[in-house]
Amino acid sequence: MKTNLVEHGNEIVSIYNDMLEEIGFAERSVANLQGLWHFCSQCWLINATNKSVIFQKRSITKNIASGLFDVSASGHVKYGMNTIDTALKEVKEELGVIITKEQLFFGGRRIDLFQKDIFLSRIFADVFFVLGQYKLTDFKIDFKESDAIIEIPIEDGFNLFCDKKEKIYCTGFSYNGNMLEQHLFEIDKDMFIKRYDDYYLKVFIAAERLILGKKIAI
């Protein structure tokens with residue numbers, strides 16, 4: 001299985017300055033090595049039936065944040081594309097789900113930072129939500145990108161990210177190299193990508209508001 005750098009290193013992304021002004025373009029691998037600002041889309045799938053949020057676990061072959069839980073589907077915005085089209089593309093490629101622009105709820109724009117060893121990722125992230133009725137067995141996971149998929153009930157998400165509980169338990173599927181296997185996952189906060197703000201708590205708040213038909217913001 002190829003690594004993330006090999007898979008995506010030649011993708012071309014637009015480069016921006018601190019004021020969100022486009023100043024050029026570069027290979028994605030170069031952007032992540034030099035800490036150049038670029039865009040990504042983060043799309044969260046919300047299960048209205050179970051009142052839960054879908055997370056995927058990044059493949060252990062990834063160079064950045066390998067083996068950690070992250071957004072339902074996300075991806076860097078290639079040169080010439082926008083964040084909406086990228087969100088639609090990534091949900092289809094990573095989860096096998098086709099969604100439309102009309103299904104997207106825009107949650108806002110945030111800064112996402114990650115640094116490890118030689119990697120310095122500096123990203124402007126547009127955050128989208130999709131409200132639907134999903135079953136984990138409906139997803140067709142790209143196992144070059146993800147090792148597992150889980151859904152966390154909103155109440156459990158509040159308990160975990162408000163520090164009311166150190167661990168929670170949720171259902172999900174993982175890939176053992178040959179087939180999908182259903183598991184009961186024991187989850188703690190260290191199993192998620194580290195972010196500088198209360199991003200995951202904000203996601204669960206937005207998910208609850210979305211189910212209630214209220215406005216959302218990250």
Side-chain angles (χ1 to χ4, degrees), residues 16 20 37-58 65 68-77 81-114 121-136 138-139 145-146 149-165 168 170-172 187 189 191-218:
Y16 298 80
L20 277 173
W37 286 107
H38 54 293
F39 265 89
C40 84
S41 286
Q42 298 178 350
C43 192
W44 293 95
L45 269 60
I46 311 303
N47 189 342
T49 304
N50 294 344
K51 297 182 179 179
S52 61
V53 180
I54 307 298
F55 286 79
Q56 67 164 284
K57 185 179 181 182
R58 292 173 62 86
L68 297 176
F69 286 106
D70 194 15
V71 186
S72 308
S74 64
H76 295 250
V77 179
M81 292 186 66
N82 58 46
T83 55
I84 292 177
D85 291 338
T86 299
L88 303 181
K89 178 178 74 72
E90 294 298 329
V91 170
K92 181 180 179 181
E93 290 181 355
E94 295 184 10
L95 300 176
V97 176
I98 296 176
I99 58 174
T100 65
K101 295 179 181 179
E102 291 72 25
Q103 290 177 273
L104 293 176
F105 292 88
F106 181 57
R109 178 171 293 167
R110 62 188 302 277
I111 290 174
D112 223 352
L113 305 172
F114 183 86
S121 182
R122 302 170 73 197
I123 290 172
F124 296 115
D126 279 357
V127 183
F128 300 95
F129 292 82
V130 181
L131 183 64
Q133 297 177 336
Y134 302 108
K135 296 179 181 178
L136 293 183
D138 293 337
F139 297 124
E145 301 287 337
S146 175
I149 186 167
I150 62 172
E151 62 174 332
I152 300 179
I154 292 174
E155 183 177 354
D156 289 338
F158 286 153
N159 287 334
L160 182 63
F161 292 104
C162 288
D163 295 320
K164 292 183 178 180
K165 290 185 178 180
I168 59 173
C170 61
T171 57
I187 305 293
K189 290 171 66 174
M191 298 172 70
F192 296 80
I193 291 181
K194 295 287 188 296
R195 287 188 161 98
Y196 70 94
D197 58 356
D198 293 322
Y199 182 40
Y200 300 115
L201 177 59
K202 295 174 182 177
V203 166
F204 282 102
I205 292 172
E208 183 180 59
R209 291 182 61 85
L210 190 59
I211 291 173
L212 293 174
K214 298 180 179 180
K215 293 182 179 181
I216 59 173
I218 292 294

The ring pair (Phe, Tyr, Trp, His ring centres under 6.0 Å) partners of F105 (sequence neighbours excluded) come to none
Practice problem: Determine whether L104 and V130 make a side-chain contact, defined as any pair of heavy atoms from C-beta on separated by less than 4.5 Å. | Solution: yes
Heavy-atom closest pair (K202 atom, D197 atom, distance to 0.1 Å) is NZ-OD2, 3.7 Å
Closest non-hydrogen contact found for C43 with V71 is O-CG1, 3.4 Å
| query | Passes side-chain contact (heavy atoms from CB on, under 4.5 Å), C40 versus T86? Steps please. | reply | CA-CA 8 Å; C40 84; T86 299; over 6 Å; no
Output for pair (E155 CD, K165 NZ), nearest 0.5 Å, gives 7.0 Å
| Do the ring centers of F69 and F55 come within less than 6.0 Å of each other? | no
- Query: Does the side chain of K189 come within less than 4.5 Å of D163's, by heavy atoms?
  - Reply: yes
CG (D198) and CD1 (I218) are apart, to the nearest 0.5 Å, by 11.0 Å
Those residues at least two apart in sequence (or on a different chain) that pass side-chain contact (heavy atoms from CB on, under 4.5 Å) with S52 are N47, N50, E151
*asked:* side-chain contact (heavy atoms from CB on, under 4.5 Å) for F204 and D156? Distances and angles first, verdict last.
replied: CA-CA 9 Å; F204 282 102; D156 289 338; over 6 Å; no
TODO: Spell out, as yes or no, whether a donor-acceptor pair under 3.5 Å connects the side chain of S72 to the backbone of I54.
DONE: yes
Spell out, as yes or no, whether a donor-acceptor pair under 3.5 Å connects the side chain of E93 to the backbone of E90.
-> no
Sorted by chain and residue number, the side-chain contact (heavy atoms from CB on, under 4.5 Å) partners of N82 (sequence neighbours excluded) come out as I84, D85
Do I193 and Y199 have side chains that approach each other closer than 4.5 Å (heavy atoms only, starting at C-beta)? no
side-chain contact (heavy atoms from CB on, under 4.5 Å) with E208: of V203, I154, I216, only one passes, and it is I154
Candidate pair W44 and L210, rule side-chain contact (heavy atoms from CB on, under 4.5 Å), full reasoning:
CA-CA 12 Å; W44 293 95; L210 190 59; over 6 Å; no
Notebook entry, point to check: Is it true that atom CD1 of I98 has more than 12 heavy atoms of other residues, nucleotides or ligands lying nearer than 6.0 Å?
Noted result: no
One should read off an interatomic distance between L160 CG and I187 CD1, to the nearest 0.5 angstrom, of 8.5 Å
dist Y16:OH -> H38:NE2 (nearest 0.5 Å) comes out at 11.0 Å
With sequence neighbours left out, the residues meeting salt bridge (charged side-chain N to carboxylate O under 4.0 Å, His left out) with D112 are R110, R195
Q.
Atom NZ of residue position K92 - does it have more than 12 heavy atoms of other residues, nucleotides or ligands inside 6.0 Å?
A. no
Taking side chain as C-beta onward, heavy atoms only, is I46 less than 4.5 Å from I211?
yes
Item to check | Main-chain N/O of R58 paired with S146 side-chain donor or acceptor, under 3.5 Å | outcome: no
Decide side-chain contact (heavy atoms from CB on, under 4.5 Å) for Y200 and V53; before the verdict, give the C-alpha distance in whole Å, the side-chain angles of both, and the deciding distance to 0.1 Å.
CA-CA 10 Å; Y200 300 115; V53 180; over 6 Å; no
Enumerate donor-acceptor pairs with a distance under 3.5 Å from any side-chain N or O in residues 122-129 to protein atoms, sequence neighbours excluded.
from, atom 1, to, atom 2, distance (Å)
R122, NH1, G35, O, 2.9
D126, OD1, R109, NE, 2.6
D126, OD1, R109, NH2, 3.4
D126, OD2, T83, OG1, 2.8
D126, OD2, R109, NH2, 3.2

Between the CG atom in L95 and the CD atom in E145, the distance rounded to the nearest 0.5 Å is 10.5 Å
Sorted by chain and residue number, the ring pair (Phe, Tyr, Trp, His ring centres under 6.0 Å) partners of Y134 (sequence neighbours excluded) come out as F139
Rounding to 0.5 Å, atoms CG (L68) and NZ (K57) come to a distance of 8.5 Å
